[in-house]
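Scope of the values below: all heavy atoms of this structure, side chains included, with no hydrogens, waters or symmetry mates.
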Amino acid sequence: MNDVQTRLRPESGELLRIDDLYTHFSTALGVVRAVDHVSFSLDRGERLGIVGESGCGKTILSRSIMGLLPRRNVLRGGSVTFGGAELTTMSLKERRRIWGAEMAMIFQDPMTSLNPVIRIGKQLAEPLRVHLGMTKSDARATVLKLLQDVGIPEPEKRLDQYAHELSGGMRQRVMIAMALACGPSVLFADEPTTALDVTVQAQILELIERQRSERNMATILVTHDLGVVAGHTDKIIVMYAGKIVEMASTTSLFGAMKMPYTEALFQSIPKLEQPAHTRLVTIGGRPPNLIHPPTGCRFSPRCPYATDKCTTEEPPLVEASPGHWFACHHPVGSDRWHEVSVRRREVA
C-alpha cells in the first residue's frame, strides 16, 4: 500500500465530503450546467443512492468526484475531500494512484468498458500488479478468487476469454470484480443493472451489497429507479437538472417524501397489485435544457403544483426534519398539494 493510500483509509467516520461542486461544459450553443453546486458527505461503509431521470447529472457527478472528466471545455469548481485529502488539487499522477485502489467505478455498459482485444484475466490482473505490486502468479491466483467471489462459473476458463464471449450478466460481474480487485474504500456503481433481466439485476445488487458488507466499503449507487435503491441504500439523493432537490435517509424519504419530483418518480414505478395492462404513470413534459434552464424551480414547467412563485423564485434547500432536506415552495403535504390532489381526484 502506498503512502497516498495509507493517508486515505479512515476506519470509520466521514470518508468523502463534497462542497459546492459544479461541472459545466462549454459548447458551441452555450454552457451546459451538468452539475450545479452540489454538496453532501459519505461515511465509511455507508450506502448512498443517487436517483433521477437520464440527463439529470448523476453520472457526471460521479465522474466529477473521481476526476474522470475531459481536459478541454470543462468548467469545474468546489471541493472534493477524500480521507482528509483534497482531490481537486491533486496532480494526475496522484489521482491515478487513487483510481482503482481507493475509488473505483462500475461503469454503465460493461461491453464498452472492457477492452475487446485483451483477455479477461489480463484486464483483471493489471490493477493488482500496478497498485499492489503483485507478481504475475499471485495476480492470477487473486483474479481467480475474485471471479469466484462474484459468482462466475468456471473462472479458470473465463481468464482466457474475451468480453464478447461472455453474457451481459457475466460481463457486469467481471466489471465488479475489476472494481473490487484492490479493495477500494468507495465504490461507484453507475446503473450497474442496465440492460440486464430482472433476475440478474437482483443477483448483481445482492453481490454488490455482500461485497460492501464484507469489506466495510462505502457504495454510491447511481440509478433512475427508486425501486432499485429502496433496499440497498442508507441515504438517497434525488437530482434534477444538475441540482439536489431532495436528500434524506432511505426510511425518511420513502416515509415522508417532500419534493413533487420525488413523488413523480415513485408514482412511475410499476405496482404489482395493479391489473394487467394498466397504463404506466409517466412524468409529463421533458427534462429542461441545461444551457437555458427555467427560472425559479427547474421542475416548475412539469410540476402539477407549481404557482407563479415557482417560476420566479428558486427554492432553497431547507431541512424538513433532521437530515431530510428538500427544495420546493409547495412540498408534498402542503396546502397547495392538497388543493391540487383533491381537484385531480375529482377529475379522475
[Y] side chain reached by [X] side chain, heavy atoms, under 4.5 Å:
{"X": "C328", "Y": "K258", "value": "no"}
{"X": "T282", "Y": "S268", "value": "no"}
{"X": "V74", "Y": "H24", "value": "no"}
{"X": "D43", "Y": "L15", "value": "no"}
{"X": "I152", "Y": "Q148", "value": "no"}
{"X": "M103", "Y": "S185", "value": "no"}
{"X": "L42", "Y": "I220", "value": "yes"}
{"X": "I237", "Y": "F40", "value": "yes"}

Return all side-chain donor-acceptor pairs below 3.5 angstrom for residues 319-327, not counting sequence neighbours, or 'none' if the list is empty.
| unit_1 | atom_1 | unit_2 | atom_2 | d |
| --- | --- | --- | --- | --- |
| E319 | OE2 | G323 | N | 2.8 |
| H324 | ND1 | S252 | OG | 2.7 |
| H324 | NE2 | E246 | OE2 | 2.6 |

Set of ring-ring contact (aromatic ring centres under 6.0 Å, His included) partners for H338, sequence neighbours left out: none

Just by distance, do the side chain of [X] and the backbone of [Y] share a donor-acceptor pair under 3.5 Å?
{"X": "D234", "Y": "R47", "answer": "yes"}
{"X": "R129", "Y": "A139", "answer": "no"}
{"X": "S91", "Y": "E94", "answer": "yes"}
{"X": "Q123", "Y": "N115", "answer": "yes"}
{"X": "S341", "Y": "W337", "answer": "yes"}
{"X": "E313", "Y": "C310", "answer": "no"}

Spacing of [atom1] belonging to [X] relative to [atom2] belonging to [Y], to within rounding of 0.5 Å:
{"X": "L187", "Y": "E102", "atom1": "CG", "atom2": "CD", "answer": "12.5 Å"}
{"X": "D149", "Y": "L180", "atom1": "CG", "atom2": "CG", "answer": "8.5 Å"}
{"X": "L124", "Y": "L144", "atom1": "CG", "atom2": "CG", "answer": "10.0 Å"}
{"X": "I18", "Y": "L61", "atom1": "CD1", "atom2": "CG", "answer": "7.0 Å"}
{"X": "L159", "Y": "R119", "atom1": "CG", "atom2": "CZ", "answer": "10.5 Å"}
{"X": "I65", "Y": "R17", "atom1": "CD1", "atom2": "CZ", "answer": "12.5 Å"}

For [X], does the [atom1] atom have more than 12 heavy-atom neighbours from other residues, nucleotides or ligands under 6.0 Å away?
{"X": "K93", "atom1": "NZ", "answer": "no"}
{"X": "R76", "atom1": "CZ", "answer": "yes"}
{"X": "E86", "atom1": "CD", "answer": "yes"}
{"X": "E209", "atom1": "CD", "answer": "yes"}

[Y] and [X] side chains, donor-acceptor separation under 3.5 Å:
{"X": "D138", "Y": "T135", "value": "yes"}
{"X": "S300", "Y": "T311", "value": "no"}
{"X": "H330", "Y": "D335", "value": "no"}
{"X": "Y305", "Y": "E263", "value": "yes"}
{"X": "D19", "Y": "S39", "value": "no"}

Ignoring hydrogens, what is the shortest heavy-atom contact between [X] and [Y]? Give both atom names and the distance.
{"X": "R63", "Y": "M105", "value": "N-CE, 4.2 Å"}
{"X": "E191", "Y": "K58", "value": "OE2-CE, 3.9 Å"}
{"X": "G57", "Y": "V35", "value": "O-CG2, 3.8 Å"}
{"X": "T250", "Y": "K235", "value": "OG1-N, 3.4 Å"}
{"X": "F107", "Y": "L68", "value": "CZ-CD1, 4.2 Å"}
{"X": "R95", "Y": "M90", "value": "NH1-O, 2.9 Å"}

Criterion side-chain contact (heavy atoms from CB on, under 4.5 Å) on V342 and R345, from CA distance to verdict: CA-CA 5 Å; V342 169; R345 283 196 296 268; 3.4 Å; yes

Side chain to side chain donor-acceptor pair (under 3.5 Å) partner of S64, the single match among T59, T88, T23: T23

Test side chain to side chain donor-acceptor pair (under 3.5 Å) applied to Q161 and K157, H164, R158, the passing residue: R158

Side-chain cluster (under 4.5 Å, hydrophobic types only) that V229 belongs to, other residues: V51, L205, L221, L226, V228, I236, V238, Y240, V245, L253, F254, M257, M259, Y261, L265, F266, I269, I283, F299

